[in-house]
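The structure appears right after this line, and notes come after that.
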Amino acid sequence: MTDPPDTMRAYFDAWLRNDWDAAMAFWADEVVHHVAGHGPLSGDFHGKQAFLDAYGAVFERQGGTIEVVGLHDFVAGPDHAVALVTERAIRGDRSLDFNRVVVYHVRDGRIVETWSYDWDPAALDEFWS
């Protein structure tokens with residue numbers, strides 16, 4: 001069994017390289033993502049494919065993406081990790097850097113559930129509205 005801190009180090013390494021295929025390989029197929037807010041990227045997404053489909057549809061419709069800017073720090077215990085991150089939303093010629101806290105539940109070397117909390121959810125919701 002993989003140690004959660006080792007799992008998260010490898011996950012963040014892939015994530016920071018913007019290697020989404022490698023990063024998503026750490027998500028269990030049945031992963032549940034909880035994304036706070038009221039915008040089109042908010043909600044509960046049950047399953048890896050449901051999350052990818054929902055985000056892909058919004059990005060295609062609005063001509064946008066989200067990219068990783070940095071990982072400030074993370075802590076990990078036997079079952080959970082918490083990361084402090086900065087990401088950048090890009091839509092046309094506009095961009096918005098935002099800080100986020102993500103809580104991860106890890107089981108058997110896979111991320112099985114996440115909770116994302118943004119520092120300024122209203123700004124992010126407006127950006128995607």
Side-chain angles (χ1 to χ4, degrees):
M1 185 182 328
T2 305
D3 180 43
D6 292 338
T7 295
M8 296 311 296
R9 275 187 201 91
Y11 171 73
F12 290 129
D13 180 55
W15 191 63
L16 288 166
R17 290 190 321 268
N18 284 312
D19 185 346
W20 296 110
D21 291 334
M24 287 184 299
F26 287 95
W27 295 357
D29 288 339
E30 69 280 1
V31 65
V32 178
H33 293 286
H34 307 281
V35 183
H38 301 289
L41 296 176
S42 303
D44 293 327
F45 303 92
H46 297 267
K48 184 189 298 192
Q49 198 58 53
F51 177 86
L52 295 173
D53 290 347
Y55 271 54
V58 171
F59 292 160
E60 183 177 328
R61 183 174 61 248
Q62 297 188 358
T65 63
I66 292 178
E67 62 184 28
V68 177
V69 175
L71 170 67
H72 299 282
D73 204 354
F74 80 95
V75 294
D79 299 316
H80 293 88
V82 177
L84 307 174
V85 300
T86 299
E87 297 181 27
R88 178 174 295 129
I90 301 168
R91 187 174 174 196
D93 61 352
R94 298 176 20 205
S95 67
L96 174 69
D97 285 9
F98 60 97
N99 293 314
R100 174 176 277 174
V101 174
V102 185
V103 179
Y104 299 87
H105 185 118
V106 180
R107 184 173 49 240
D108 298 327
R110 294 287 178 259
I111 297 167
V112 297
E113 195 162 13
T114 70
W115 296 264
S116 297
Y117 303 96
D118 299 312
W119 174 252
D120 187 354
L124 199 56
D125 288 346
E126 181 184 318
F127 183 85
W128 291 110
S129 295

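Every value quoted in this text rests on a predicted model; they were computed, and no experiment measured them.
V32 and L41 end up in different hydrophobic clusters when Ile, Leu, Val, Met, Phe, Trp and Tyr side chains are linked at under 4.5 Å. Under a hydrophobic-cluster definition in which Ile, Leu, Val, Met, Phe, Trp and Tyr are linked whenever side-chain heavy atoms come within less than 4.5 Å, directly or via other members, V35 and L84 are assigned to different clusters. Residues I90 and F59 fall into different hydrophobic clusters, defined by Ile, Leu, Val, Met, Phe, Trp and Tyr side chains chained together at heavy-atom separations under 4.5 Å. I111 is connected to W20 through a chain of hydrophobic side-chain contacts under 4.5 Å among Ile, Leu, Val, Met, Phe, Trp and Tyr, so both are in one cluster. A continuous path of ILVMFWY side-chain contacts below 4.5 Å connects Y55 to L124, so both sit in one hydrophobic cluster.
The minimum heavy-atom distance between Q62 and P40, with the atom names listed, is NE2-CG, 4.2 Å. Of all heavy-atom pairs spanning M8 and A81, the tightest one is CG-CB, 3.6 Å. Nearest approach of L71 to A83, heavy atoms of both residues: CD1-CB, 4.0 Å. The minimum heavy-atom distance linking V112 with A28 is given by the pair CG1-CB, 4.0 Å. Scanning all heavy atoms of the two residues, the minimum distance from R17 to A22 falls at NH2-CB, 4.1 Å. Of all non-hydrogen atoms in V31 and E113, the two that sit nearest each other are CG2-N, 3.9 Å.
We find the CZ-CG distance between R107 and D79 to be 9.0 Å, quoted to the nearest 0.5 Å. In this structure, the separation between CZ on R88 and OG on S95 is 6.0 Å, given to the nearest 0.5 Å. Rounded to the nearest 0.5 Å, atoms CG (D29) and CD (Q49) are 9.0 Å apart. Expressed to the nearest 0.5 Å, how far NE2 of H46 lies from NE2 of H33 amounts to 11.0 Å. Atom-to-atom distance recorded for D120:CG and D97:CG is 12.5 Å, nearest 0.5 angstrom.
No donor-acceptor pair under 3.5 Å is formed between the side chain of D125 and the backbone N or O of G37. With hydrogens and angles disregarded, no donor-acceptor distance shorter than 3.5 Å links the side chain of Y117 to the backbone of A36.
A ring-centre distance under 6.0 Å is not found for F127 and F98. Residues F26 and Y104 keep their aromatic ring centres 6.0 Å or farther apart.
The local environment of CD in E60 is sparse, with at most 12 non-hydrogen atoms from other residues, nucleotides or ligands closer than 6.0 Å. The 12-atom threshold is exceeded at NE2 of H34, counting heavy atoms of other residues, nucleotides or ligands nearer than 6.0 Å. Within a 6.0 Å sphere centred on CH2 of W119, heavy atoms belonging to other residues, nucleotides or ligands number 12 at most.
Using the six-membered ring where Trp is involved, F45 and F51 have ring planes that are perpendicular, over 60° apart on the 30 and 60° scheme.
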- Give the C-alpha distance, both sets of side-chain angles, the deciding distance and a yes or no for side-chain contact (heavy atoms from CB on, under 4.5 Å) between V85 and V68. CA-CA 8 Å; V85 300; V68 177; over 6 Å; no
- Task: Evaluate the criterion side-chain contact (heavy atoms from CB on, under 4.5 Å) for residue pair W27 and L52; output intermediate values, then yes/no.
- Result: CA-CA 12 Å; W27 295 357; L52 295 173; 4.2 Å; yes
- Message: Using side-chain contact (heavy atoms from CB on, under 4.5 Å), reason through W128 and I66 one step at a time and then give a plain yes or no.
- Response: CA-CA 11 Å; W128 291 110; I66 292 178; 3.9 Å; yes
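V106 is not listed as a side-chain neighbour of Y11, based on a closest heavy-atom distance of 4.5 Å or more.
Salt-bridge check for D13 with R9: failed, with every basic side-chain N at 4.0 Å or more from each acidic carboxylate O.
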